[in-house]
There are 2 protein chains.
Amino acid sequence: MGLRYSAPYTVPYYDCDVNGNMTFPSLLSVVIKWSGDQSALLNRDNAFVAQFGLTWVITNYEIDITKMPRVEQTVMITTEAMSYNKFFCYRNFWIHDEVGNQLMEIRATFVLMDRVNRKMGHVIEEIIAPYQSEKIKKILRAPLIEAINEEEKVSYRVRFSDIDSNQHVNNAKYYDWILDVLGFDFLTTYVATYVNMRFIKEVEYGAVVESVFERSQKDGEILTKHRIDVDGVPHAEANILWRPMVKESREKREI
Amino acid sequence: MGLRYSAPYTVPYYDCDVNGNMTFPSLLSVVIKWSGDQSALLNRDNAFVAQFGLTWVITNYEIDITKMPRVEQTVMITTEAMSYNKFFCYRNFWIHDEVGNQLMEIRATFVLMDRVNRKMGHVIEEIIAPYQSEKIKKILRAPLIEAINEEEKVSYRVRFSDIDSNQHVNNAKYYDWILDVLGFDFLTTYVATYVNMRFIKEVEYGAVVESVFERSQKDGEILTKHRIDVDGVPHAEANILWRPMVKESREKREI
């Protein structure tokens with residue numbers, strides 16, 4: 001329903017993990033740049049939104065993955081503001097390979113947050129009209145995220161490099177904590193097919209986060225459950241489904 | 001003396017810190033991609049080098065900074081293989097702004113390392129001839145790095161996201177540990193003018209590194225001294241000079 005924006009992206013080596021697959025932090029940072037570029041084209045950049053005392057914040061990602069983008073691959077990234085209601089804006093991203101096969105679909109939920117008190121505000125027509133997305137009554141909800149039964153956890157101190165220009169940890173960075181706990185062997189044996197993540201509270205500089213997790217099964221697939229706690233308070237939660245990785249030859253070009 | 005390779009780069013928001021300045025990890029990752037792109041053009045990519053059982057490794061960075069690249073700025077990145085001797089290859093990078101002012105110069109020392117035993121090998125003519133760099137007898141040395149007198153330190157566990165496709169921590173990532181210990185207040189008050197860094201040993205996945213540091217003065221300037229230890233063994237050391245930051249208006253475009 002909304003306007004679409006597409007542009008190609010060639011995946012540099014530093015966006016990729018040991019497997020040669022694009023990492024989630026890089027992936028989400030890059031697609032969010034695409035929505036920023038669309039916003040700039042529509043004269044709705046961050047400075048425009050800031051006039052209302054607001055800033056965009058992401059509350060949910062739901063991701064279907066057929067294949068992760070690979071190092072040096074040129075993919076097409078497309079985004080579209082799909083619909084919105086009184087509080088939530090729904091934006092999709094798609095990544096396609098060179099011949100048009102879909103590699104992934106990302107469904108993101110955005111809210112407009114007060115820049116000072118960090119409370120959620122109403123969606124403002126003047127901000128979102130140019131995207132031509134559909135106004136809906138319904139609140140769309142991603143599937144429920146399954147809670148953790150048997151907890152394991154690892155602590156991480158928020159690094160200076162984890163925070164972005166708004167002094168909060170960028171949503172994309174949460175994936176470093178969430179994935180790291182699964183360990184090298186797991187992360188070089190399995191690849192994600194589905195991610196459902198909910199951001200509950202913003203994590204601030206100086207915090208020590210606990211990345212809580214559990215490995216389990218669901219309908220024969222490997223399911224990992226995750227929660228990010230600060231001082232025992234949940235700040236984010238996620239479920240990820242995995243499949244065994246098919247190893248590909250790697251064209252390494254670090255230099 | 002050598003062939004030059006230049007291409008523009010527009011700095012995305014996710015390359016930048018809270019100040020809107022490009023971070024060192026991003027900066028070094030990106031310039032190394034430029035040398036990789038030049039190598040590919042000269043048919044000397046990593047796969048070519050791997051035929052000899054070798055891989056490029058960086059042992060030193062010396063960086064003169066007039067101004068850090070800014071978020072959304074389009075800079076020109078230029079690289080040139082300057083000269084080489086029996087063991088070392090010297091490559092420079094320059095970053096210029098839109099009107100040709102030099103923002104920084106990076107002088108890097110590369111060695112060819114055996115992919116299996118991780119020992120330094122001789123420079124091989126067949127690998128480096130196409131760069132047309134000058135053969136020299138002399139071993140060029142960066143200024144001595146001043147040792148730390150009064151130690152402070154913070155520990156960091158190497159994250160899965162810190163390692164690259166060769167399963168070692170990418171040199172660019174060391175700057176996260178080195179800078180993080182200086183703290184938010186320091187890093188939003190001062191900006192680096194000079195970096196001299198030496199990589200001694202490779203850091204591996206699973207290691208806990210200690211980022212050891214000291215703040216001091218040199219000729220009226222602020223000097224920070226750094227060392228990265230693993231199990232008490234120095235793996236890298238650095239000196240950084242700083243000046244007070246001139247705050248700039250920020251055009252934020254995270255979305």
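Quick caveat, the model's predicted, so the values are computed rather than measured.
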Worked verdict on A:Asn46 versus B:Tyr13 for side-chain contact (heavy atoms from CB on, under 4.5 Å): CA-CA 12 Å; A:Asn46 280 2; B:Tyr13 78 91; over 6 Å; no
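Among the candidates A:Thr23, A:Ile58, A:Val30, the residue making the largest number of heavy-atom pairs closer than 4.5 Å to chain B is A:Val30. Each of B:Ser161, B:Ala172, B:Pro12, B:Ser29 has some count of heavy-atom pairs under 4.5 Å with chain A, and the biggest count is that of B:Ser29.
A donor-acceptor pair under 3.5 Å links the side-chain atoms of A:Arg157 to the main chain of B:Ser155, judged by distance alone. The backbone N or O of B:Asp164 sits nowhere less than 3.5 Å from a side-chain atom of A:Tyr14 that would complete a donor-acceptor pair.
For the atom pair CZ (A:Phe160) and CG (B:Leu182), the distance works out to 9.5 Å, reported to the nearest 0.5 Å. In this structure, A:Lys33 NZ and B:Thr10 OG1 are separated by 7.5 Å, a value rounded to the nearest 0.5 Å.
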Validation: residues 183-192 of chain B side-chain donor-acceptor distances under 3.5 Å, sequence neighbours left out:
{"residue": "B:Thr188", "atom": "OG1", "partner": "B:Phe184", "partner atom": "O", "Å": "2.8"}
{"residue": "B:Thr188", "atom": "OG1", "partner": "B:Asp185", "partner atom": "O", "Å": "3.3"}
{"residue": "B:Thr189", "atom": "OG1", "partner": "B:Asp185", "partner atom": "O", "Å": "2.5"}

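Neither the backbone nor the side chain of B:Trp34 comes within contact range of chain A; no heavy atom of the residue lies under 4.5 Å from a heavy atom of that chain. For a residue to count as touching a neighbouring chain, one of its non-hydrogen atoms must lie under 4.5 Å from one of that chain's; by this rule B:Tyr156 touches chain A with the side chain only. Contacts between B:Val154 and chain A at a heavy-atom distance below 4.5 Å involve the side chain alone, from C-beta outward.
Every salt bridge (Lys or Arg N to Asp or Glu O under 4.0 Å) that B:Arg118 has, sequence neighbours left out, goes to B:Glu202.
For A:Asp162 and B:Arg159, the salt-bridge test passes: some basic side-chain N is under 4.0 Å from an acidic carboxylate O.
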